[in-house]
Amino acid sequence: MFRTSAARRASRLARNFATVVDTAGVKVAAVDNGEATSAVTFLVKAGSRYQNKPGVAHALKNFAFKSTSKRSALGTIRESELYGGVLSSSLSREHLALTAEFLRGDEPFFVDVLSSFLTNAKFTRHELQEYVAPVCESEATAAAENPASRAVELAHILAFRQGLGAPLFSTADNHVTVDYIKDFASSAFTKDNVAVLGTGVSQETLSKLVEQSLGSLASSGSLSSPASTYFGGETRVDSHHGPQTVFIGFGKTGAFSPELAVLSSHLSPQPSLKWSKGLSPIVAEIPETASGQTTEDVKAAGKAAVAALKEAGNVKGEELKRAIAKAKFAIASSAEGRNGLIATLGPKVLSGAASTLEDTLSSLDKVQASALSQATASLLKTKPTYVAVGDISALPYADELGL
């Protein structure tokens, strides 16, 4: 019952959000449920897979809210604080997200702040050297010292090489210059690469503000990315930071797969009842990586994960129903909150995809045992991606886990 209620609430939100308006060439979508606070996100197709040089997308992300022709970086901070707002930027392999959260009614100022970065950023050398580069270095160092983050980054490089395999972080070795950043921004900051998403603000209000602020943006650019092909592979990295870690992955590129979503839910060790062991075939907590304080713990967890995956092709009956219900709940609950709604539906808005949350949930209901078995067999036929980070003299090799 709880899962059904979550799905219904999320579907109501998604229906309101699903109406996308083309405003002067920019896709705009908003949902307003009377919240006291509002948020606007500019979602840009400027993830690391599109960058013209390693590290440029990361540098561009950290240039957000620096000097523009309208405001200095300090001016942006001070004015935002006077309004009580919060500005943030984030980067994935697909998208750059620029977000402003603020009190209802202050959307004219914050839409102007977001849009000015796309239309009037100065990209000064002194800001790159004094502010942007140090933050990039700090974030890259933190990621490198986190075994799970490092394993995921290495896994992408191994699995895809180019495109999705492009590095997410910028390091001093990348020698990123202002000219590279400007070139990348000019290619990415175009109307066809931007979607504006709002919560706590009406569609009409947001569309008018976007038309005023982004009307001068170029209609299209030269942004491109190599087609992503899955290769797989194995690598080992000696590290003395954090727990012993291995990453096990199997690649698939393309659109959302309901069969793989159900498979993921079946293998998830997260119990439905807090503090209980749950019914997952994997006892250790293994999302994308297996981590432990000792190499023996990691080896045991890795073997359990591989064994569970090989047995997943036999899932049917009540086990299949349970996995489908967990998958539906995970997707529906992620769309209930503001951040989850943007993460779930934002890429669909940007790509112009017509699918809705109801379509996604309905596709999960249609997953049959035979289709799940076929999807599992197809994954197991591919070359796995395996990364070990930690004491590589003792961490297991892929074949020791049954891969």
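These numbers were taken from a predicted model, which means no experiment stands behind them.
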Give every donor-acceptor pair under 3.5 Å between a side-chain atom in residues 389-403 and any protein atom, sequence neighbours left out.
residue : atom : partner : partner atom : Å
D391    : OD1  : S393    : N            : 3.3
D391    : OD1  : S393    : OG           : 2.6
E400    : OE2  : Y397    : N            : 2.7

Sequence-distant partners of F109, ring-ring contact (aromatic ring centres under 6.0 Å, His included), two or more places apart: Y83

S116 side chain to L114 backbone, donor-acceptor under 3.5 Å: no

V194 vs F189 side-chain heavy atoms within contact, under 4.5 Å: no

Residues which pass salt bridge (Lys or Arg N to Asp or Glu O under 4.0 Å) with E107, listed by chain and number, not counting sequence neighbours: none

S362 side chain to E358 backbone, donor-acceptor under 3.5 Å: no

Gap separating the CG atom of N193 from the OG atom of S220, nearest 0.5 angstrom: 8.5 Å

OG-CD distance between S72 and E79, expressed to the nearest 0.5 angstrom: 8.5 Å

Atom pair CG/CD of N62 and E137 - distance to nearest 0.5 Å: 12.0 Å

For E204, salt bridge (Lys or Arg N to Asp or Glu O under 4.0 Å) partners two or more places apart: K208

Any L380 side-chain heavy atom under 4.5 Å of K310 side chain: yes

Nearest atoms (heavy-atom pairs only) where S228 meets F160: CB-CD2, 4.4 Å

Set of ring-ring contact (aromatic ring centres under 6.0 Å, His included) partners for H58, sequence neighbours left out: F169

Nearest-0.5 Å distance, CD of residue Q162 to OG1 of residue T229: 8.5 Å

T235 and Y386: side chain donor to acceptor below 3.5 Å: no

E319 side chain to N314 side chain, donor-acceptor N/O pair below 3.5 angstrom: no

From OG (S89) to CZ (F63), nearest 0.5 Å: 12.0 Å

Backbone of V201 reached by a side-chain donor or acceptor of T205 within 3.5 Å: no

Those residues that, when tested against D183, pass salt bridge (Lys or Arg N to Asp or Glu O under 4.0 Å) (two or more places apart): none

F231 side chain reached by R161 side chain, heavy atoms, under 4.5 Å: yes

Side-chain H-bond candidate by donor/acceptor type, T294 with D297, under 3.5 Å: yes

side-chain contact (heavy atoms from CB on, under 4.5 Å), paired with L87, selected from T76, L98, T99: T76

Non-hydrogen side-chain atoms of F250 and L309 separated by less than 4.5 Å: yes

salt_bridge(E139, K61) N-O dist < 4.0 Å: yes

Set of residues satisfying side chain to side chain contact (heavy atoms under 4.5 Å, CB included) with respect to A24, sequence neighbours excluded: K191, E211

By side chain to side chain contact (heavy atoms under 4.5 Å, CB included) - contacts of S213 (at least two apart): V111, S115

Residues K27, D22; criterion salt bridge (charged side-chain N to carboxylate O under 4.0 Å, His left out); working and verdict: CA-CA 5 Å; K27 299 179 181 69; D22 188 304; 5.9 Å; no

T68 (side chain) donor-acceptor with K70 (main chain) under 3.5 angstrom: yes

Check: S38 side chain, G200 main-chain N or O, donor-acceptor pair, under 3.5 Å: yes

Nearest non-hydrogen partners of L206 and A30, listed with the distance: CD2-CB, 4.0 Å

Nearest non-hydrogen partners of A312 and L263, listed with the distance: CB-CD1, 3.3 Å

S207 side chain vs Q203 backbone, donor-acceptor pair below 3.5 Å: yes

Side-chain (S149) to main-chain (A143) donor-acceptor, under 3.5 angstrom: no

Contacts of type ring-ring contact (aromatic ring centres under 6.0 Å, His included), residue F102, not counting sequence neighbours: F110

pair R104-D32: side-chain heavy atoms closer than 4.5 Å: yes

Distance (rounded to the nearest 0.5 Å) between R49 CZ and H95 NE2: 9.5 Å

Short side-chain to backbone donor-acceptor contact, E153 and L168, under 3.5 Å: yes

Among L214, V196, V20, V40, side-chain contact (heavy atoms from CB on, under 4.5 Å) partner for V28: V196

ring-ring contact (aromatic ring centres under 6.0 Å, His included) pairs, two or more places apart, involving residues 23-57: none

Side-chain donor or acceptor of R93 paired with backbone N/O of L164 under 3.5 Å: yes

Closest heavy-atom pair and its distance - A261, L364: CB-CD2, 3.9 Å

Closest approach of S363 to T360 (non-hydrogen atoms, all atoms of both residues): OG-O, 2.6 Å

Q374 CD: over 12 foreign heavy atoms closer than 6.0 Å: no

Min side-chain heavy-atom separation L350-V44 under 4.5 Å: no

Full working for side-chain contact (heavy atoms from CB on, under 4.5 Å) between T199 and E101: CA-CA 9 Å; T199 58; E101 300 171 82; over 6 Å; no

Student check: side-chain heavy atoms of V246 and V387 closer than 4.5 Å: no

Salt bridge (charged side-chain N to carboxylate O under 4.0 Å, His left out) between D192 and K45, intermediate numbers included: CA-CA 9 Å; D192 60 342; K45 193 170 74 173; over 6 Å; no

Identify each donor-acceptor pair in which a side-chain atom of residues 172-182 lies under 3.5 Å from a protein atom, sequence neighbours left out, and give them as a table.
residue : atom : partner : partner atom : Å
N174    : OD1  : T171    : N            : 2.8
T177    : OG1  : Y180    : N            : 3.3

Results of side chain to side chain donor-acceptor pair (under 3.5 Å) for S80 - residues two or more places apart only: none

Check: F247 and V152 side chains under 4.5 Å, non-hydrogen atoms: yes

Distance-only polar pair, side chains of Q51 and S48, donor-acceptor under 3.5 Å: no

